[in-house]
Each structure stands twice: as structure tokens, then as C-alpha cells.
Amino acid sequence: MQILYVKYLSVHVCVGGASREAGLISERKDTGSIERKPGQGRPRASTATEDRYLSIIARRNRVTRGATASQLSRDLYAATRTRVSRVAVSKRLHETGLFARRPAVCVPLTSTNRRVRLAWCREHRDWSMDQWATVLFTDESRFSLNTDSRRMFIWREPGTRYLPSNVREIDHYGGGGLMVWAGIMLDRRTPLHVFERGTV
């Protein structure tokens, strides 16, 4: 079966002239394999040291974690005079486990906030269903009327979404907005109230 295959390719080469099949046959005869030889293809534009530098500046702090691949490429050129494309930068960072993802968003909590919330949870952890049925939880949230595409990305490793270095704190709202208030109990809820001005 192998000889017939080679003969078929040989006929194709004779009819169509020199082609990729001729190279495959020659490589098969020489090495017994048609696998890609190491070192073939376009050489890497950056060295291993420059790749480590890219990884370091992408992880360094919140400012550079939010840097785009194009910005990191310019930083590398400024430091080493090596030009690397935006696509190449992304590939190098992927090799080190860094991927561009949207940061998690949270409201900043002070140490006092954390201490009081923890004490409240410990105080109520043994409550029964009957006790919880008498509690009304309420909350108010402000919704911005301006467009927020959240197109900011950061470089982070998989599974590290909620590490402090990957979370962006937001406690202010710009432009117009609406305040929305509602409450919930164990088996019921309040109507949703919307306020165009002020708060509850």
C-alpha cells in the first residue's frame, strides 16, 4: 500500500511539476517521517529574556496590568530597541499564562466595614428559619444612564479573577442616573421603587 501511494504522488509530480508532494516524498525517503523539522518557519522576533521582560511589566502593577498589547510592544521597544507586533506580544503572554480579561468590579470596603460585617454574620449564623422569616433586607443601587462599555482589560492568569490585584474598585458615578430601591423577605418582596433624584 505504501509503494502505491508513493507511485501515485510521483505521477502527480510528473504531471503538475515540482510541488509540495515531491518534498514530502523526498523527506519520507531521507528521514522515514514527514513531520515538521525543528527550526523551520519564521524566527521569533524576541529573545527569551525579552519574553520574560514582557511578562514582568504586564504583571507589575495595576497600571501595566491594564496596558494593551500595543502599549507593551512600545514599552519593549523603548527598553530593548526590539520591535515586536501586538499579536506576538499576546502570544508571548499566553505562553506565560497571562490572558486579557475584564477586571472584577467591587465597592471598596474599609477595615471597619469588614469587621462589622463579620461580627454580624457570626452573631446570626445559628438563626432558625422562623427568625429569618421576620427580617426584611433592603438595598438601593444607582444605575448610570451613560454608556459604559467596560472595554478595559487586564492581564491575569486563569482562576485569579478575584485576587485584589485583579479587582477594580468603583465607588462613584458620573453623569445622570437613577436610584433603585427594593426589599426582600424569606417568601415575599417589596415593589421596585425608582427615584430620579436623591436617595431613599
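The residues of the chain are indexed from 1 along the displayed sequence.
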- request: Check the pair Val180, His193 against side-chain contact (heavy atoms from CB on, under 4.5 Å), reporting the backbone distance first and the verdict last.
  value: CA-CA 6 Å; Val180 179; His193 298 275; over 6 Å; no
- request: Might you work through the side-chain contact (heavy atoms from CB on, under 4.5 Å) test for Arg59 and Trp155, ending with a clear yes or no?
  value: CA-CA 7 Å; Arg59 298 171 193 263; Trp155 296 102; over 6 Å; no
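- Taking the side chain as every heavy atom from C-beta outward, Glu157 and Leu98 approach each other to under 4.5 Å.
- A heavy-atom distance below 4.5 Å is found between the side chains of Leu72 and Leu93.
- In the hydrophobic cluster analysis, where Ile, Leu, Val, Met, Phe, Trp and Tyr join through side-chain heavy atoms closer than 4.5 angstrom, Trp132 is grouped apart from Leu136.
- In this structure, Ser73 and Arg86 have side chains that are not in contact, with every pair of non-hydrogen atoms separated by 4.5 Å or more.
- Scanning for salt bridge (charged side-chain N to carboxylate O under 4.0 Å, His left out) contacts around Arg44 gives Asp51, Glu95, with sequence neighbours left out.
- Annotation for Val84 and Ala45: closest pair CG2-CB, 4.4 Å, computed over non-hydrogen atoms.
- In this structure, CD in Glu123 is found 11.5 Å from CG in Leu118, a value given to the nearest 0.5 Å.
- Leu178 and Leu192 fall within the same hydrophobic cluster, where Ile, Leu, Val, Met, Phe, Trp and Tyr residues are linked whenever their side-chain heavy atoms come under 4.5 Å apart, directly or through other members.
- From Leu54, atom CG reaches atom NZ of Lys91 across 14.0 Å, with rounding to the nearest 0.5 Å.
- Considering all non-hydrogen atoms of both residues, Gln131 and Trp127 come closest at OE1-CA, 3.2 Å.
- The nearest pair of heavy atoms linking Leu109 to Arg114 is O-NH1, 3.1 Å.
- For the pair Thr96 and Ser55, the tightest heavy-atom approach, listed with the atom from each and the gap, is OG1-OG, 3.7 Å.
- With rounding to the nearest 0.5 angstrom, the CZ atom of Phe153 is 8.5 Å from the CZ atom of Arg101.
- Between Arg92 and Glu50, no side-chain nitrogen of the basic residue sits less than 4.0 Å from a carboxylate oxygen of the acidic one, so the salt-bridge criterion is not met.
- By the ring-ring contact (aromatic ring centres under 6.0 Å, His included) test, Phe137 pairs with no residue at all, sequence neighbours left out.
- A distance of 12.0 Å separates CH2 in Trp181 from OG in Ser141, rounded to the nearest 0.5 Å.
- Between Ala79 and Tyr53, the shortest heavy-atom distance links the atoms CB-OH, 3.5 Å.
- Residues Thr134 and Met185 approach most closely at C-CE, 4.1 Å, considering heavy atoms.
- Applying the side-chain hydrogen bond (donor to acceptor under 3.5 Å, both in side chains) test to Arg115 and every residue at least two apart in sequence or in another chain returns nothing.
- If you take OG1 on Thr80 and CG on Asp75, they are separated by 10.5 Å, rounding to the nearest 0.5 Å.
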